[in-house]
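Structure record follows, encoded as structure tokens.
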Amino acid sequence: MFDELSNLHKKCFPNKPWSADDFRELKQSGCEIIMSENGFVVYRIVVDEAEIITIGVNPEKRRLGIASAIIGIIEKTTKSQGVKKIFLEVASTNTPAQKLYENSGFKVVGLRPKYYDGVDAILMSKDI
Ligand SMILES: CC(C)(COP(=O)(O)OP(=O)(O)OC[C@H]1O[C@@H](n2cnc3c(N)ncnc32)[C@H](O)[C@@H]1OP(=O)(O)O)[C@@H](O)C(=O)NCCC(=O)NCCS
């Protein structure tokens, strides 16, 4: 599973690929990982909040609703575990991801200036 995740991550984030060991460590540190053939998400739950750490879809399979479906699964799963709010950070330059989150009902709740190598991070959240 971790090798497949690493291969898919490399397709989604060619400039910052994560290794199989990176994913193994995330899992060992308590993160949850959901992976399908063409999409994955890493998230973690802290008490009654969940944070989406990263999400990616195979470039050849985008705009088919895969990421939206994955977010729907996280909402359903975490809600049943007592989670009340999901939050995430997204680069201000990453329009596709911002649109995805807006479409999924997330609202902008803050800004972290120059968070990613000089690029602002937009903080978004959704009550579930
Ligand atoms: C962001 C990402 C996960 C979206 O995955 P996806 O499976 O294509 O998303 P969906 O098909 O579920 O799209 C849902 C909605 O998001 C919006 N959206 C998604 N990609 C978009 C794009 N390139 N441009 C504009 N809007 C976009 C649209 O509103 C879309 O609905 P529509 O297709 O009915 O118009 C994917 O583009 C990706 O892997 N990007 C690289 C990794 C990344 O940036 N991850 C996020 C890090 S915070």
Side-chain angles (χ1 to χ4, degrees):
M1 176 198 191
F2 296 115
D3 286 330
E4 287 154 13
L5 267 167
S6 172
N7 289 338
L8 187 51
H9 188 279
K10 191 189 265 177
K11 287 187 193 166
C12 297
F13 298 92
N15 299 328
K16 271 200 173 172
W18 292 0
S19 67
D21 279 345
D22 292 333
F23 281 104
R24 211 169 273 120
E25 280 168 25
L26 282 167
K27 185 76 186 159
Q28 279 164 1
S29 74
C31 289
E32 305 291 338
I33 300 173
I34 299 173
M35 187 190 176
S36 65
E37 199 182 335
N38 289 296
F40 69 91
V41 66
V42 181
Y43 66 97
R44 78 176 137 225
I45 297 176
V46 179
V47 193
D48 60 355
E49 292 191 345
E51 177 184 13
I52 295 178
I53 293 163
T54 189
I55 184 167
V57 169
N58 183 342
E60 289 161 23
K61 301 288 177 184
R62 288 186 185 160
R63 298 304 287 269
L64 297 174
I66 294 176
S68 305
I70 291 174
I71 289 175
I73 292 168
I74 299 177
E75 285 182 22
K76 201 170 163 202
T77 309
T78 60
K79 194 171 180 170
S80 73
Q81 295 170 298
V83 167
K84 305 228 173 348
K85 188 190 285 277
I86 302 180
F87 67 98
L88 57 90
E89 276 147 12
V90 56
S92 59
T93 48
N94 193 343
T95 309
Q98 284 170 47
K99 294 275 176 218
L100 161 71
Y101 301 136
E102 277 168 22
N103 243 26
S104 302
F106 284 78
K107 302 265 184 268
V108 174
V109 291
L111 187 78
R112 297 193 206 283
K114 312 233 183 314
Y115 190 69
Y116 305 109
D117 299 332
V119 174
D120 296 346
I122 297 171
L123 188 60
M124 303 182 84
S125 81
K126 178 178 182 179
D127 294 332
I128 58 170

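Atoms within each ligand, like the ligands themselves, are counted from 1 in listed order. Because the structure is a prediction, the values reported are computed rather than measured. Values below: all heavy atoms of this structure, side chains included; hydrogens, waters and symmetry mates excluded.
- Atom OG of residue Ser36 and atom CD1 of residue Ile73 lie 7.5 Å apart, to the nearest 0.5 angstrom.
- Taking CD1 of Ile55 as the reference point, atom CD1 of Ile34 lies at 9.0 Å (rounded to 0.5 Å).
- The shortest N/O to N/O separation between Ile55 and ligand 1 falls below 3.5 Å.
- At under 3.5 Å, not a single nitrogen or oxygen of Val90, backbone or side chain, sits near a nitrogen or oxygen of ligand 1.
- Residues in residues 6-26 take part in these salt bridge (Lys or Arg N to Asp or Glu O under 4.0 Å) pairs, two or more places apart or across chains: Lys16-Asp117, Asp21-Arg24.
- Closest protein heavy atom to atom 18 (N) of ligand 1: Pro96 O, 3.8 Å.
- At the top of the distance list for atom 41 (C) of ligand 1, counting protein heavy atoms only, stands Arg62 NH2, 3.4 Å.
- Among the atoms of Glu89, none of the N or O lies under 3.5 angstrom from an N or O of ligand 1.
- Counting protein heavy atoms under 4.0 angstrom from atom 20 (N) of ligand 1 gives one or more.
- Between Asp127 and Lys85 a salt bridge is recorded (basic side-chain N to carboxylate O distance below 4.0 Å).
- Taking each of Ile53, Ile122, Asn94 in turn, the one with a heavy atom nearest to atom 44 (O) of ligand 1 proves to be Asn94.
- Qualifying side-chain hydrogen bond (donor to acceptor under 3.5 Å, both in side chains) partners for Glu32, counting only residues two or more places apart in sequence or in other chains: none.
- The single protein non-hydrogen atom nearest to atom 25 (C) of ligand 1 is Arg63 NH1, 3.6 Å, given as residue, atom name and distance.
- For atom 26 (N) of ligand 1, the nearest non-hydrogen atom of the protein is Lys99 CB, 3.5 Å.
- Close contacts of ligand 1 with Gly56, meaning ligand atoms under 4.0 Å from a residue heavy atom, involve 39 (O).
- Follow the hydrophobic side-chain contacts under 4.5 Å out from Val57 and you reach Tyr43 in the same cluster.
- Residue contacts with ligand 1, taken as heavy atom pairs separated by less than 4.0 Å, involve Leu64 solely via the backbone atoms N, CA, C and O.
- Heavy atoms of other residues, nucleotides or ligands lying less than 6.0 angstrom from CD of Glu60 number 12 at most.
- Phe13 CZ, 3.4 Å is the protein heavy atom nearest to atom 42 (C) of ligand 1.
- At least one N or O atom of Gly65 sits closer than 3.5 Å to an N or O atom of ligand 1.
- Looking from atom 9 (O) of ligand 1 to the surrounding protein, the closest heavy atom is Ala67 CB, 3.5 Å.
- Geometrically, ligand 1 and Val57 share a nitrogen or oxygen pair separated by less than 3.5 Å.
- The heavy atom nearest to atom 2 (C) of ligand 1, out of those in Thr54, Ile52, Leu100, is found in Leu100.
- At a heavy-atom cutoff of 4.0 Å, ligand 1 is contacted by no atom of Tyr116, backbone or side chain.
- Remark: Lys107 NZ to Glu102 CD distance equals 8.5 Å, nearest 0.5 Å.
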Would you please test Glu75 and Lys126 for salt bridge (Lys or Arg N to Asp or Glu O under 4.0 Å) and show each step? CA-CA 10 Å; Glu75 285 182 22; Lys126 178 178 182 179; 2.8 Å; yes

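- Distance check: Met1 CE to Leu5 CG gives 5.0 Å after rounding to the nearest 0.5 Å.
- Remark: Lys61 NZ is loosely packed, at most 12 non-hydrogen atoms of other residues, nucleotides or ligands lying under 6.0 Å away.
- Among the atoms of Ser68, some N or O lies under 3.5 angstrom from an N or O of ligand 1.
- The N/O atoms of Asn103, backbone and side chain alike, include one that comes under 3.5 Å of an N/O atom in ligand 1.
- Atom numbering of ligand 1 starts at 1 in the shown order; those under 4.0 Å from a heavy atom of Tyr101 are 46 (C), 48 (S).
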